[in-house]
Amino acid sequence: MEVFLQQLINGITLGSIYGLIAIGYTMVFGIIGMVNFAHGDVFMVSAFIALIAFLILTTWLGITSIALALFIVLIVAMLFTSLVNWVIERLAYRPLRGSFRLAPLISAIGMSIFLSNFVQVAQGPRNKSTPPMVQGEFVIFTQNDYAVTLSYKQLIIWGVTAVLLAAFWYLVAKTRLGRAQRACEQDQKMAALVGVDVDRTISMTFVIAAALAAVAGTMYLMYYGVVSFSDGFVPGVKAFTAAVLGGIGSLPGAVIGGILIGLIETMWSAYFSIDYKDVAAFSVLAITLIFLPQGLFGRPDVEKV
Amino acid sequence: MADGAPNQRVDMARALRDAGFTALLAFALFLPLIGFQTVTNIRNDLILTTRWPLLFAIVAVVGAGRLAFSLVFEPWLKQRTLRPVAAAPAGWRAVFAKWFTPFAIGFVIVYPPLVIALNGFGGAVKWIDNFGIQILIYVMLGWGLNIVVGLAGLLDLGYVAFYAVGAYSYALLAKTFGLEFWVLLPLAGILSSFWGILLGFPVLRLRGDYLAIVTLAFGEIIRIVIINWVDLTNGYAGISGIPRPTLFGIPFNADDNGFAAVFGLEFSPLYRVIFLYYVILALALLTAFVTVRLRRLPVGRAWEALREDEIACRSLGINTTNTKLTAFAMGAMFAGFAGSFFATRQGFISPESFTFLESATILSIVVLGGMGSQIGVAIAAIAMIGGTEIMRELDFLKQIFGPTFDPTQYRMLLFGFAMVLIMIWRPRGLIATREPSVFLKERKSISADRINEGHG
């Protein structure tokens, strides 16, 4: 029971990170129907940006308040990552809009290879580990000498994810930009006819996706304290799994899917085998796509002739 | 043009503004990851160093590149689109198409003696092994995947899994039962295609991107199983001491019954390399030949029909599941052949060789070459693999960038960049026209803009 509770806490934390990345996949897929293969690597880049910002703040500027430092790091990472993704969309995906269907996917795979190797060349192939940023934990209860704990950093991740999701939900549901996005999702040509700037809306979708990935990247760095150039691929695929599980195109679905994937992964590691935890996540992906292709919250895909 | 001069000035201002903006953008873009570097110091702490000169050099290059683009390239592009298309010299394309294939096959057959003649015995190993064999493996994998992606229109991102199955089946069966390469080659192909059917069966209801992601997941699952099933596969450490191929029982070693001794030649490791070269050449040509013949069989025609329109196929009574499965199995079989060849050539295999990057490389070769075009795939394999191999040879760059400069580091970086660029430049690949296998009166190639996409 106590092990289960602890894994539940860990799983939800991991799942929040996946959920934040998954939103990027689901939004981009919703609006231009493309699997943004490079999104996992954008997440990895954001973790590096966060790492560098954190080092500048703490070692050069001597900021001692971790809360302030983390807040600034989050903002900086969001800004720079958004810029990166904006440029990627302009250079690698926009020229291919309206091209044949596989072209953007191939371009995204190329971008993914490029990003991870760019970071490898620019920052070196070794793991980058930071001293723990946030320490301390609440002990929820102790049973049979096993303390179920909720660490501060897990709490921060829950809090930041919840706040950002609320802000983000407001953005999509209530603002002009969100309306434009939903219009483009349904019919780009029609949206353009009624005065929606489709190019700008798609650009903004990539910017928002990157900003959320940057939140995930910062949280990932804070949680694990280590990041390497190859850390984009597997979380990327898992977040995509989360998006598919939740129903691609559905925003609450992406978050719930993310938490489910996080839970499946931690439970699998705890009760079965940690070596095969990635197999668990990938199997979920395959099983979902085969038996429930529209996901938990997605609309069924109508086949048109 | 009368108003050419003022136009030119306006263009100049715009070009400068664009270049300035691009440089600014590049500065912001590269500031975190190029401007700063995270280094581990002696006490194992992570510290930051700065690289301002490099950052400003990159920014300057990007800005200058943008300026050159809008001053030189854009006007040229505009002129080119304005100019009426000059009538291509009639027939040169046909002559080229007719003679290219026999010439290319002739060239690859005489390649080893040619290289030996040019470089001598010592220098030839590198050219035959690193360039010849390496490229031919990818040509063969590209042609194998071409059946799945190019003909049947099923996007497979986990193709390397079948390559791995082939390599591991050969390695394990050869080491455990001591069987010959020539016995195990077909067996590895059969095992791989069996896996192709096994994995293909549940996923073939999916279409397009979803199919791609599930095949990716399967590829990763197989790799993770190989890593973790240590009893069978020795995990990360891999399998070493895999038996080398023999020429009808004659091994390529320095023994008295070795190849060199039997034929009264002086021993040289080159003989095995040449033998391996011809083996992979034969396998690759077999792949190409089978593909060409299959396209004229009902199943091949069904694949291509499926690629063009799946719904129409179903309404015409084609069993789409079986058609897709045969494509999957056929592609997997050739990957299995290539895999067992890879194992016997290397003598050592480990999960490192079968990562997703490998799948992406093979897929990009197929897509860049032009899906469905065998010549295109071969050219793409030569360009991509040969290009990355040449990166190893560029020693003169060390004189420019200093002795610590290692061009091989940039291989995959440029590879990814090239994938993006080629997609923008020619989204349908280098050879985008298609040769129909059925025609009414005369054979006409179908131009790229009339090709439908695969909905697989």
Side-chain angles (χ1 to χ4, degrees), chain A residues 33-35 45 48-49 51-53 55-56 59-60 80 83-84 87 91-92 95-96 99-107 109-124 126 128-131 233 237 240-241 244 273 275-276 278-279 282-283 285-286 289-290 293 303 305, chain B residues 25 28-34 36-40 45-48 149 155 157 202-203 205-206 208-214 216-218 220-221 224-225 227-228 311 356-357 360 363-364 367-368 371 409-413 415-424 427-428 451 453-455:
Chain A
M34 155 201 172
V35 177
V45 166
F48 265 88
I49 294 173
L51 171 69
I52 286 163
L55 286 177
I56 293 175
T59 58
W60 287 6
F80 277 100
L83 184 74
V84 168
V87 172
L91 291 182
L96 292 172
S99 179
F100 85 125
R101 209 174 30 84
L102 294 183
L105 181 68
I106 307 285
S107 183
I109 292 173
M111 209 56 195
S112 158
I113 295 174
F114 175 79
L115 283 177
S116 63
N117 280 278
F118 174 75
V119 172
Q120 185 188 11
V121 168
Q123 298 292 329
R126 293 171 61 180
K128 307 284 176 185
S129 49
T130 57
F233 178 64
V237 177
F240 180 78
T241 309
V244 169
S273 140
D275 292 332
Y276 287 100
D278 291 351
V279 171
F282 291 138
S283 309
L285 173 66
L289 280 176
I290 294 162
E303 197 173 304
V305 180
Chain B
L25 203 62
L29 212 54
F30 291 118
L31 174 68
L33 291 178
I34 295 281
F36 301 98
Q37 191 182 22
T38 48
V39 194
T40 314
D45 293 335
L46 206 58
I47 54 160
L48 279 179
V149 179
L155 187 58
L157 282 178
V203 304
R205 288 198 297 152
L206 303 169
D209 302 0
Y210 280 1
L211 178 75
I213 302 291
V214 172
L216 182 151
F218 277 146
E220 284 298 294
I221 288 174
I224 296 167
V225 169
I227 289 172
N228 289 306
I311 297 169
F356 165 69
L357 206 58
L363 180 72
S364 63
V367 173
L368 300 178
M371 289 188 290
Q409 265 192 312
Y410 298 88
R411 274 171 62 205
M412 292 317 289
L413 185 76
F415 194 84
F417 194 62
M419 268 170 86
V420 177
L421 274 189
I422 296 179
M423 270 301 114
I424 294 168
R428 287 184 184 273
I451 292 172
E453 65 199 44
H455 283 288

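Fair warning: this is a prediction, and the values are worked out from it, not measured in the lab.
Side-chain contact between B/Met423 and A/Leu96 is present, with heavy atoms from C-beta onward closer than 4.5 Å. For the pair B/Asn228 and A/Val279, the minimum side-chain heavy-atom distance is 4.5 Å or more. A/Val84 has its side chain within reach of B/Leu29: a pair of non-hydrogen atoms, C-beta onward, lies under 4.5 Å apart. Side-chain contact between A/Val244 and B/Ile213 is absent, with no heavy-atom pair separated by less than 4.5 Å.
Note on ring orientation: taking the six-membered ring where Trp is involved, the planes of B/Phe356 and A/Phe233 are parallel (angle under 30°, cut-offs 30° and 60°).
For A/Thr241, no part lies near chain B; criterion is any non-hydrogen pair under 4.5 Å. Only the side chain of B/Leu357 comes within contact range of chain A, with at least one heavy atom under 4.5 Å from a heavy atom of that chain. Looking at B/Leu421, neither its backbone nor its side chain comes within 4.5 Å of chain A, counting heavy atoms on both sides. Residue B/Val367 touches chain A through its side chain alone, counting heavy-atom pairs closer than 4.5 Å. Only the side chain of B/Leu216 comes within contact range of chain A, with heavy atoms under 4.5 Å apart. Proximity to chain B (any heavy atom under 4.5 Å) is restricted, for A/Leu91, to the backbone atoms N, CA, C and O. In this structure, the portions of A/Leu83 lying under 4.5 Å from any heavy atom of chain B include both its backbone and its side chain. Interface remark: A/Phe80 contributes side-chain atoms only to the contact with chain B (heavy atom separation under 4.5 Å).
Separating the CD1 atom in B/Ile221 from the CG atom in A/Leu285 is a distance of 8.5 Å, to the nearest 0.5 Å. The CD1 atom of A/Ile56 lies 3.5 Å from the CZ atom of B/Phe36; values are rounded to the nearest 0.5 Å. Residue A/Ile52 holds its CD1 atom at 5.5 Å from OG1 of B/Thr38, rounded to the nearest 0.5 Å. Interatomic distance, CG of A/Leu51 versus CG of B/Leu48, reported as 7.5 Å (0.5 Å rounding).
Chosen from A/Ile290, A/Thr130, A/Leu115, the residue pairing most often with chain B at heavy-atom distances under 4.5 Å is A/Ile290. Between chain B and the residues A/Ala53, A/Gly110, A/Ala92, the most heavy-atom pairs under 4.5 angstrom are made by A/Gly110. For chain B, the option among A/Leu105, A/Thr59, A/Val237, A/Val87 with the highest count of heavy-atom pairs below 4.5 Å is A/Val87. Taking B/Ser364, B/Pro202, B/Ala212 one by one and counting their heavy-atom pairs under 4.5 Å with chain A, the maximum is reached by B/Pro202.
Shown here for B/Ile224 and A/Phe282, the closest heavy-atom pair between the two residues is CD1-CE1, 3.9 Å. Of all heavy-atom pairs between A/Gln123 and B/Gln37, the closest is OE1-CA, 3.6 Å. Closest heavy-atom contact between B/Val420 and A/Ser107: CG2-O, 3.4 Å. Shown here for A/Ile109 and B/Met419, the closest heavy-atom pair between the two residues is CG2-CE, 3.8 Å.
Within a 6.0 Å sphere centred on OH of A/Tyr276, heavy atoms belonging to other residues, nucleotides or ligands number more than 12.
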